[in-house]
There are 4 protein chains.
Amino acid sequence: MTAGVAIVGASGYTGAELFRLLANHPKIKIVGAYGMKNTGRDVSEIHPHLHGIVDLKIEEIDCEKICKTADLVFTATPHGVAMKLVPELLKGNSKVIDLSADYRFDEVKTFERYYTKHESPHLKGVYGLPELYREKIKISNLVANPGCFPTAVILSLAPLVKEGLIDLDHIILDAKTGTSGAGATLTESTHHPVAGANVAAYAATTHRHTPEINQELSKLAGREVRVHFTPHLLPLIRGILSTAHVFLKKSMEKTELLKIYREFYGGEPFVRVRKELPQINYVVGSNYCDIGLEPEAEGGRVVVVAVIDNLVKGASGQAVQNMNLMLGFDETEGLRGPALRP
Amino acid sequence: MTAGVAIVGASGYTGAELFRLLANHPKIKIVGAYGMKNTGRDVSEIHPHLHGIVDLKIEEIDCEKICKTADLVFTATPHGVAMKLVPELLKGNSKVIDLSADYRFDEVKTFERYYTKHESPHLKGVYGLPELYREKIKISNLVANPGCFPTAVILSLAPLVKEGLIDLDHIILDAKTGTSGAGATLTESTHHPVAGANVAAYAATTHRHTPEINQELSKLAGREVRVHFTPHLLPLIRGILSTAHVFLKKSMEKTELLKIYREFYGGEPFVRVRKELPQINYVVGSNYCDIGLEPEAEGGRVVVVAVIDNLVKGASGQAVQNMNLMLGFDETEGLRGPALRP
Amino acid sequence: MTAGVAIVGASGYTGAELFRLLANHPKIKIVGAYGMKNTGRDVSEIHPHLHGIVDLKIEEIDCEKICKTADLVFTATPHGVAMKLVPELLKGNSKVIDLSADYRFDEVKTFERYYTKHESPHLKGVYGLPELYREKIKISNLVANPGCFPTAVILSLAPLVKEGLIDLDHIILDAKTGTSGAGATLTESTHHPVAGANVAAYAATTHRHTPEINQELSKLAGREVRVHFTPHLLPLIRGILSTAHVFLKKSMEKTELLKIYREFYGGEPFVRVRKELPQINYVVGSNYCDIGLEPEAEGGRVVVVAVIDNLVKGASGQAVQNMNLMLGFDETEGLRGPALRP
Amino acid sequence: MTAGVAIVGASGYTGAELFRLLANHPKIKIVGAYGMKNTGRDVSEIHPHLHGIVDLKIEEIDCEKICKTADLVFTATPHGVAMKLVPELLKGNSKVIDLSADYRFDEVKTFERYYTKHESPHLKGVYGLPELYREKIKISNLVANPGCFPTAVILSLAPLVKEGLIDLDHIILDAKTGTSGAGATLTESTHHPVAGANVAAYAATTHRHTPEINQELSKLAGREVRVHFTPHLLPLIRGILSTAHVFLKKSMEKTELLKIYREFYGGEPFVRVRKELPQINYVVGSNYCDIGLEPEAEGGRVVVVAVIDNLVKGASGQAVQNMNLMLGFDETEGLRGPALRP
């Protein structure tokens, strides 16, 4: 038995990636492509790698039609759009996975401080990180797919924070991302002559993924956590590498630390705890989050490195993982491919 | 029912790519990994993206053991190695797909002029380009998987050559490849500080893929063809773009030309004839060969552009396509994924 | 004694490169920066590498002021702009070097076919390729700086064409360029997620550098020449590599061919004839054009490869070379730096 | 009046960069090229961008000859080589600038812990960071040119450490470098198919630039400092971006902080304190170190970003700056060129 899904936001990169992942998903039929841009055009004209694979035109967003045809909808839209559509979609009995920030926050005021005024603040999504919220996701109709940086960062620190092993006042997160994270919209900082051989820190103390990380680590810690997060734009297209510099409350060996991670993630299909520090090309093109760590001989620091493909585990792959859970499929269906390396 | 396959040459890039493509192939079990390097080490240590996916150690090559355990063997070895193994493998009733040049040539002397002395010259392989030799491949026990450049070039020109439409004395082939085509062996020209922002023509008039292209185009033309082939190394990892500059015997419109291509490749699962000139990122990570063309207003030139992923359609993907044919599976099994774009 | 120069078009990449090259030119003082964009802003805000080096604001274009303050003006403006300014600038006794196409064509109708209606068709510039027109440049008040592709291509073929050695009906020019050639304007094809690991042919049979190449090669040949030119966009920022595939009328050895090139370019300060085929990183950041060649054993083809930095010898460096000639300075002043390699 | 200099270690990247920078230095004549590799070959064969610019062969190292012909010698050799040559070079009255680590440490035992046994431990070099040790450098015969990461890191933190403004127990240094920093020797981690679209942390808690940073910051602080340093390898060739995450003892505004930096570096020719966080392409190809900072609203963190070209200010450019000081030339001679951007 197959389910029908619709993709709203068909022109963007996370939309394209949903098509790529779902095109050959054995239990899914993509029944509609919607968007505010490029309506009337073929999906495969906007995303030429999908030529001969996706045979749909982009239609204007029509919630009624979506609800009639789709069991589940992905809203891969800019922040502030889904919050206008989701009330109607839920009313029409569609399940929704929102890839934007609209439903990620427990406190509406946090969302509103970093994004915009919320138009459906009464609706609550489940934070779509299966490693933390699998059971809730299974029974939810509205899943808020996590941000790309938060996915890498939270997975990299959850075991240490949960176990109360680190100084919560000195969590330094130095993250590196490829340019696809900035999306399909043309900007000077992602113009190839500017970005092609460059590195740049941006939103160095004010990035809006910070409150999302704080929210989830605080829940794991059982007290308020404020991380120190700085992202950097790198000259590669896909991939995030997050370097967490944290300080142990008491000295621990690498083997002890790895044991804690292995127990925390035992059985997780998409988290690989590794002996060595993972590199971006271990995961690009796949839904894996690879994690490794290295404690410093003196001074208490542990370096925890996590890598993901920002468009897969950091966005559309995780959304498909959530979809599998919500529709009762095998959680790994359509997501088992290894990274493309070299 | 599944078949068992062995991979000889497990440390190289085409070996790694076979693991990637076969790991989730529903009809295949990889029963052995063999090689001359890294014996005793885990495949996933050499190819860290396969951690948790391929659980095999690299063993010393043992043809007897291979024949006992595998229905089909891929020899993804340097040129000159397979020719020593294949006689024994065939005797042991294994089917063989050789990714090296050892069995690509109809004339042993051509092989010997460009490569080395042949040690099993009596054995003949079927040239493994399914678009030209599908029926022969299905019933063969020894398939010679084509070179990466020849795959792109031959597919890009087969319709024009077959139909006798172009001047065979002025076929200029200007090809561009990523660095993965040079393999896993360290060389100065693929050292990142040298290659990372560079372009270089190499073997500009003497590349050993030239005789392979000549052989196949000659058969299509029904007379001897000598192409003018020059490859270039580019600062990207995967992908080949071949630009053929050819001259029509008589003026033709683009639509006529496209019609000829569409008829020639009608029904082919992995050749996409396109309206526009295709780009490398239309196909990287996939088994597609995309082809487009543009006739010049005056002077008779047609520019034909073909793109492939050199490690997929240009090597391991095509090998899996051949395997599917040889084992009686759906030809596209395990190969339906679209390109990774962006 | 120093001369004052003004730069019109201060926001673009060729404008930035003029500032870079002239900032430390011992005989030059930059007296003004002009443009239609970013007026009122610091040059070093637009081009942050010039911070502390260029202390000028971008002013609205004012020909009268320019003529009063500058001995020579660079118009580094989009095609169609200089033709409106140059009449007034010349009247005001400024010398002009135009980096656009506005004055490159002997026949106005050629310009108008490929660009736009000309507004000062009576004015004729000297084509600013010093290797061909040095003496005329020295005494000219209006120099039309060549296009980037034409610079590489013409220099790569001038000796063979001049000497009448090749078949003029089969000149195939397959050129490769970095993304800076497309300028500072944001486009989808130069968006990093699209361009960062891609190759694309563009304007494959219709590029407007073709008539410029034809004009100059025709004059060298003494008859009309129509080349077959196709450019490709590569994932690097700076550099052009032009691969010319040409056919000798009669067989010649490599040494003979190199001798012809060495004689043709003997004494040229910025053309290096090389034994091997040059690569892009031999010249990036410098004003050199490196040329190498390789004749094919059979079939008469010669592969001639030329490399330049598209923003230096292909634009601003050549403009400074022309300036040195027009102002009576040492031709190499300010241009002697080698390439940045690695 | 010109001085003669010799370059020992002519095959490596810092050697090549010395040739590039000195080729047009108005006060310098390069009188010899020496090395242990490639002896007998032309410098311009190893470094093809220097064709026609450097006309020297690489000779076997001969200290006596060097002392006779050169006023100053650069030892751009692997760690452990200079310590064998320098005693003889100094005895022969040559001034020496060593680009390796051999003379960077005040304590020989620190050197020996991280590198190898020292063979001339009695000789002391001046640490060649002109911003800290200019007057000592001027009168020294042996200057130890700083490491690339230490140059960026020390310059980025010197004002805060000197003024006693930050918590010295939580200095986190997350550095990013291009692949040229790894040198000309082929390694798997700098093989283009591996490095071309990758990010990797390495020596995450044990890098040997750590003790060098600790030594210099300790002297500035007047007490022992132990930084937490982790470098990352990025897919670009040149450039280092160092992100320092430090914690203020008491809250300060950005303007106050910038004022401290501007006072500390007032008059420095190659340090640019910037309003915004600098990016790598502000400095690549130049001798500048650009520094910017951003204090976090809550929690006391300041992000300080410094960028350099690892081969210029991080190695050979700084060596030329030191040479200018040691020989009594203008400190900026030969080093005034802006970065190559785009």
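Here is the naming used below: chain letters follow the sequence lines, and residue numbers restart at 1 for every chain.
Contacts with chain B were tallied for C/L234, C/V284, C/L277; C/L234 has the most, counting heavy-atom pairs under 4.5 Å. Between chain C and the options B/P278, B/A200, B/G300, B/G196, the largest number of non-hydrogen pairs under 4.5 Å is found for B/A200. For the options C/V303, C/L236, C/V199, heavy-atom pairs under 4.5 Å to chain B are most numerous at C/V199.
In terms of heavy atoms, B/I280 sits closest to C/A197 at CG2-O, 4.1 Å. The two residues C/P342 and B/P193 have their closest heavy-atom pair at CB-O, 3.5 Å. In plain terms, the two heavy atoms of C/V305 and B/A201 that are nearest each other are CG2-CB, 4.3 Å.
Summarising the geometry, atom CD1 belonging to B/I171 is positioned 11.5 Å from atom CD1 belonging to C/I172; distances are rounded to the nearest 0.5 Å.
Every pair tested for salt bridge (charged side-chain N to carboxylate O under 4.0 Å, His left out) that includes a residue from residues 190-206 of chain C fails, sequence neighbours excluded, so the list is empty.
Only the backbone of C/V227 comes within less than 4.5 Å of a heavy atom of chain B; no side-chain atom from C-beta onward does.
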Which donor-acceptor pairs sit under 3.5 Å apart between chain B and chain C?
from: B/D174; atom 1: OD1; to: C/K176; atom 2: NZ; distance (Å): 3.0
from: B/D174; atom 1: OD2; to: C/K176; atom 2: NZ; distance (Å): 3.1
from: B/D174; atom 1: OD2; to: C/H245; atom 2: NE2; distance (Å): 2.8
from: B/K176; atom 1: NZ; to: C/D174; atom 2: OD1; distance (Å): 3.0
from: B/K176; atom 1: NZ; to: C/D174; atom 2: OD2; distance (Å): 3.1
from: B/K176; atom 1: NZ; to: C/H232; atom 2: NE2; distance (Å): 3.3
from: B/V194; atom 1: O; to: C/N281; atom 2: ND2; distance (Å): 3.0
from: B/N198; atom 1: OD1; to: C/I280; atom 2: N; distance (Å): 3.1
from: B/N198; atom 1: OD1; to: C/N281; atom 2: N; distance (Å): 2.8
from: B/N198; atom 1: ND2; to: C/Q279; atom 2: OE1; distance (Å): 2.8
from: B/V199; atom 1: O; to: C/I280; atom 2: N; distance (Å): 3.2
from: B/A204; atom 1: O; to: C/R301; atom 2: NH2; distance (Å): 3.2
from: B/R226; atom 1: NH1; to: C/E298; atom 2: OE2; distance (Å): 3.4
from: B/H228; atom 1: ND1; to: C/E296; atom 2: OE1; distance (Å): 2.6
from: B/F229; atom 1: O; to: C/R301; atom 2: NH2; distance (Å): 3.3
from: B/T230; atom 1: OG1; to: C/R301; atom 2: NH1; distance (Å): 2.7
from: B/T230; atom 1: OG1; to: C/R301; atom 2: NH2; distance (Å): 3.3
from: B/H232; atom 1: NE2; to: C/K176; atom 2: NZ; distance (Å): 3.3
from: B/H232; atom 1: NE2; to: C/T243; atom 2: OG1; distance (Å): 2.8
from: B/T243; atom 1: OG1; to: C/H232; atom 2: NE2; distance (Å): 2.8
from: B/H245; atom 1: NE2; to: C/D174; atom 2: OD2; distance (Å): 2.8
from: B/Q279; atom 1: OE1; to: C/N198; atom 2: ND2; distance (Å): 2.8
from: B/I280; atom 1: N; to: C/N198; atom 2: OD1; distance (Å): 3.1
from: B/I280; atom 1: N; to: C/V199; atom 2: O; distance (Å): 3.2
from: B/N281; atom 1: N; to: C/N198; atom 2: OD1; distance (Å): 2.8
from: B/N281; atom 1: ND2; to: C/V194; atom 2: O; distance (Å): 3.0
from: B/E296; atom 1: OE1; to: C/H228; atom 2: ND1; distance (Å): 2.6
from: B/E298; atom 1: OE2; to: C/R226; atom 2: NH1; distance (Å): 3.4
from: B/R301; atom 1: NH1; to: C/T230; atom 2: OG1; distance (Å): 2.7
from: B/R301; atom 1: NH2; to: C/A204; atom 2: O; distance (Å): 3.2
from: B/R301; atom 1: NH2; to: C/F229; atom 2: O; distance (Å): 3.3
from: B/R301; atom 1: NH2; to: C/T230; atom 2: OG1; distance (Å): 3.3

